[in-house]
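For reference, the structure discussed in these notes is given below.
Ligands are counted one by one from 1 in listed order, and the atoms in each one are counted from 1 as well.
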Amino acid sequence: MSLLEVKNLKVSYGGIQAVKGIDLHIDQGELVTLIGANGAGKTTTLRTLVGMVKPAEGSIVYDGKPTGKIPVYDFVRNGLVMVPEGRGVFGRLTVEENLRMGAYYRNDENAIRDEIDYVYELFPRLKERMVQLAGTLSGGEQQMVAMGRAMLSKPKLLLLDEPSMGLAPIIVQKIFEIVQMISKQGVTILLVEQNAKLALEISDRGYVMESGRITMSGPARELLDSDAVQKAYLGE
Ligand code: ATP
C-alpha cells in the first residue's frame, strides 16, 4: 500500500484553477520528486497535502486515512511534515529553540537531546550558532535549521518545498546530501524542486508538472534521459 495516494486532485484560488486533476502516489521509503516551471502548481499541491489549502475535488489518503479526517494540528504528530518554501524558521527564536519546536509534541527528553546533537553533527555550522537568533542566519543556514527541525518531528513522510532555492551551489550540494541521507534512514520524501537535474539524480521516481497537470512520470533515471525533460528542464 502507498503511504500517500492522491487521486484527481483539483485546487482553485477564486476562479483560477492551479491544480487540474492530478494523480500521484508515494510508496513507503521512496524518494520522489515533483519538478516543473514557476507557477506549475507544485507549492499548491504540497500545501493541499498538509491541509493549508482545501481541495475543490479529489482525494488524499495518507497512511491509509483520508487527510480530511486528520485535524490539521495533528499532521505533524502523524508524521506528515513539511519544510515550506522560504523555510519558515522562527526568526526570533534561537537555532536550538527552533530545533526543539520540531519536537513540540514529544516528551522523550533524552532522545530529543541526542537527536539535536545528531543535527549538530550533520550541520556543524548550526552547532557554532546554537544561541544565535534564526532570523539572523544566512539562507543556507536557515534551510539547515528548517530541515533539522523537521527531523526532530520524526517524519514518516517529509515534504520539501524547493530546499535549494536561492542557495549557493556548494550549500545546495550539502542540502541534497542530507536529503539523501534522511531518505536512506527510511523516511519517505516528496521533494519539490526547480533544480530538476539534481532532484532527479537523487530520486527514485519523478513527476513533471505543467500548468496544473502531471504531464510525465516515471523512474527518475528515465526522466533524466528523456528528450522532453532535457529540453524543457535541463537546458540541453
Ligand atoms: P514556483 O516554483 O514559482 O513556486 P509552483 O509550481 O509552486 O511555482 P504555485 O505556487 O503552486 O506554483 O502556483 C500555481 C498557480 O496558482 C500560479 O498561477 C499562482 O499564481 C497561483 N496561486 C498560488 N497561490 C495563490 C494564492 N494564494 N492566491 C491566488 N493564486 C495563487
Side-chain angles (χ1 to χ4, degrees), residues 4-26 30-60 62 67-68 72 75 80-89 139-140 142-143 145-147 150 155 157-169 171-173 175-176 179 188-203 205-218 220 223-224 226 228-236:
L4 181 77
E5 183 95 48
V6 173
K7 290 214 172 107
N8 190 33
L9 185 70
K10 294 184 183 168
V11 187
S12 295
Y13 297 108
I16 300 162
Q17 212 177 13
V19 176
K20 301 172 182 165
I22 63 166
D23 293 338
L24 59 87
H25 68 94
I26 306 176
E30 273 192 311
L31 171 46
V32 173
T33 189
L34 177 61
I35 59 172
N38 283 122
K42 306 181 299 297
T43 297
T44 300
T45 301
L46 287 196
R47 288 200 177 137
T48 311
L49 296 181
V50 295
M52 287 166 67
V53 176
K54 289 256 170 292
E57 236 183 278
S59 75
I60 305 170
Y62 165 72
T67 50
V72 172
F75 276 36
L80 184 52
V81 177
M82 173 156 84
V83 176
E85 200 175 358
R87 289 115 203 180
V89 300
Q142 289 191 14
Q143 187 64 49
V145 170
M147 291 185 52
L157 175 59
L158 181 60
L159 309 174
L160 298 171
D161 197 357
E162 301 211 21
S164 77
M165 184 146 70
L167 304 184
I171 307 288
V172 172
Q173 208 65 47
I175 297 290
F176 273 65
V179 172
T188 307
I189 300 178
L190 176 58
L191 170 65
V192 160
E193 261 297 335
Q194 283 208 36
N195 195 330
K197 185 165 192 290
L198 275 180
L200 287 169
E201 274 171 359
I202 65 166
S203 297
R205 282 191 304 117
Y207 290 92
V208 179
M209 196 164 184
E210 287 171 17
S211 308
R213 294 199 165 83
I214 301 284
T215 52
M216 266 183 281
S217 64
L223 290 176
L224 256 180
S226 85
V229 170
Q230 295 210 351
K231 280 208 184 78
Y233 301 102
L234 308 179
E236 282 165 26

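- Here the side chain of Q230 pairs a donor or acceptor atom with the backbone of L224 at under 3.5 angstrom.
- How far NZ of K42 is from CD of E85: 8.0 Å, rounded to the nearest 0.5 Å.
- Between L191 and the choices I202, V32, I35, the side chain to side chain contact (heavy atoms under 4.5 Å, CB included) rule is met once, by I202.
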Using a 3.5 Å cut-off and no angle test, enumerate the donor-acceptor pairs between side-chain atoms of residues 207-215 and protein atoms at least two apart in sequence or in another chain.
unit_1: Y207; atom_1: OH; unit_2: H25; atom_2: N; d: 3.1
unit_1: Y207; atom_1: OH; unit_2: H25; atom_2: O; d: 3.3
unit_1: Y207; atom_1: OH; unit_2: R205; atom_2: NH1; d: 3.0
unit_1: E210; atom_1: OE2; unit_2: Y233; atom_2: OH; d: 3.1
unit_1: T215; atom_1: OG1; unit_2: V208; atom_2: O; d: 3.4

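- Listed by chain and number, residues touching ligand 1 at under 4.0 Å (heavy atoms only) are Y13, A18, A37, N38, G39, A40, G41, K42, T43, T44, E85, E162, Q194.
- Remark: the backbone N or O of L200 is not paired with any side-chain donor or acceptor of T33 at under 3.5 angstrom.
- A side chain to side chain contact (heavy atoms under 4.5 Å, CB included) with V192 holds for exactly one of L159, L160, L46, T45; it is L46.
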